[in-house]
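Computed from heavy atoms alone, side chains included, the values below leave out hydrogens, waters and symmetry copies.
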Amino acid sequence: MKIGSIELPDQPLFLAPMEDVTDSPFRQICRRKGADIVFTEFISSEALIRDSDIAMQKMDFDEMERPFGVQIFGGREEAMEGAAKVAVGQNPDLVDINFGCPVYKVVKKGAGAGCLKDLSMMERMAGTVVDAVKDRPVTVKTRLGWDDNTIKIQEVALMLQKLGVKALTVHARTRAQKYKGDARWEWLKKLKNTPGLEIPIIGNGDVTSPELAKKMFEETGVDGVMIGRGAIGNPWIFEQTKHYLKTGELLPDPTVKQRVELCAEQLRLSVQQHGERYGVIIMKKHYGQYLKGVRNGKNLRMELMEHDEMQPILELLLNFDETEIHAVA
């Protein structure tokens, strides 16, 4: 499979861009665990053209993350054009456009999934970014439609292909669904069977295990699978899925020791990337998932949340014994 000039293996796995989750430390870990492409958190085009420090920092990456994409969103063509040029200046492998975020404060400005209510605006926006980027592949992530009455994903895909978009990721829900109900994979199959559609289609939605990834590939025919929430606290899902797709054999789940050690590693990378104060704060949303299902893990998480410095957190993680009861002061 290819996205522009980017060569990928058969049945590639993608790490979904997730707000406040997919920073460089998490992306590095997911790449090491088998993700074939990783993306930034989604970044406001308005913030990029204003040279916002926070927006610029979201594009920081390590070379080992390649192939790596910057995802941008916005509701104004001029801002998206400028943001695309700023993004390319950071030398990513591709630029991705978010036409799928369902959050009200985003869609009310015509950005994210707001573009699903105005496909002509989506067309102008995507065309503007393709023209601005020129030498990098542009990809798009979107949803099936605004609601059940406006599902035009096949027409959208053909339109984007004509504009020069090199791949399309579809979260198989409408904006009206947000993250509720089941992802509607049957639409991914319809999309893959669209006459004249040649660009790769990446499926997204409800893939939280190797078995479900294989099921999406087999039932829909998608070219790649994007994993989002299923990777938080569980980066092993990428190597487990690759092994399962290749052999049909499920690898064992990570041990408690492996969980706390990888969590500690991500904490160190987070502090290295963001500084101690902010690096520790960012990690607080990851502890619960790393410790999910671990005996006495809830108590450990509560202890970890009490600390604002890295060293005591590392000591708690690396000395954790799930058979001991941890009391919170």
Review item, side-chain donor-acceptor pairs of residues 56-67, under 3.5 Å, at least two apart:
residue, atom, partner, partner atom, Å
Asp62, OD1, Met64, N, 2.9
Glu63, OE1, Arg66, NE, 2.8
Glu63, OE2, Arg66, NH2, 3.3
Glu65, OE1, Arg27, NE, 2.5
Glu65, OE1, Arg27, NH2, 3.0
Glu65, OE2, Ser24, OG, 2.4
Glu65, OE2, Asp62, N, 2.9
Arg66, NH1, Asn91, O, 3.0
Arg66, NH1, Asp93, OD1, 3.3
Arg66, NH1, Asp93, OD2, 3.2
Arg66, NH2, Asn91, O, 2.9

Among residues two or more places apart or on two chains, list those pairs meeting ring-ring contact (aromatic ring centres under 6.0 Å, His included) that have a residue in [range].
{"range": "residues 279-317", "answer": "Phe26-His286"}
{"range": "residues 94-148", "answer": "none"}
{"range": "residues 250-285", "answer": "His274-Tyr278"}

Applying salt bridge (Lys or Arg N to Asp or Glu O under 4.0 Å) as the test, list every pair that has at least one member in [range]; sequence neighbours left out.
{"range": "residues 250-269", "value": "Arg32-Glu265, Lys257-Glu261"}
{"range": "residues 104-126", "value": "Glu77-Arg124"}
{"range": "residues 168-182", "value": "Arg173-Asp206"}

If you link ILVMFWY side chains whenever their heavy atoms are less than 4.5 Å apart, which other residues fall into the same cluster as [X]? By chain and number, please.
{"X": "Phe42", "value": "Phe73, Val103, Val106"}
{"X": "Phe39", "value": "Met1, Ile3, Ile6, Leu8, Phe14, Ile37, Leu94, Ile202, Met226"}
{"X": "Leu250", "value": "Tyr244"}

Could I get the full list of salt bridge (charged side-chain N to carboxylate O under 4.0 Å, His left out) partners for Glu7, not counting sequence neighbours?
Lys2
Only distances under 3.5 Å count here; give the side-chain donor-acceptor pairs of residues 209-222 to other protein atoms, sequence neighbours excluded, each with its distance to 0.1 Å.
residue, atom, partner, partner atom, Å
Ser209, OG, Glu211, OE1, 3.4
Ser209, OG, Leu212, N, 3.1
Thr220, OG1, Met216, O, 2.5
Thr220, OG1, Val222, N, 3.2

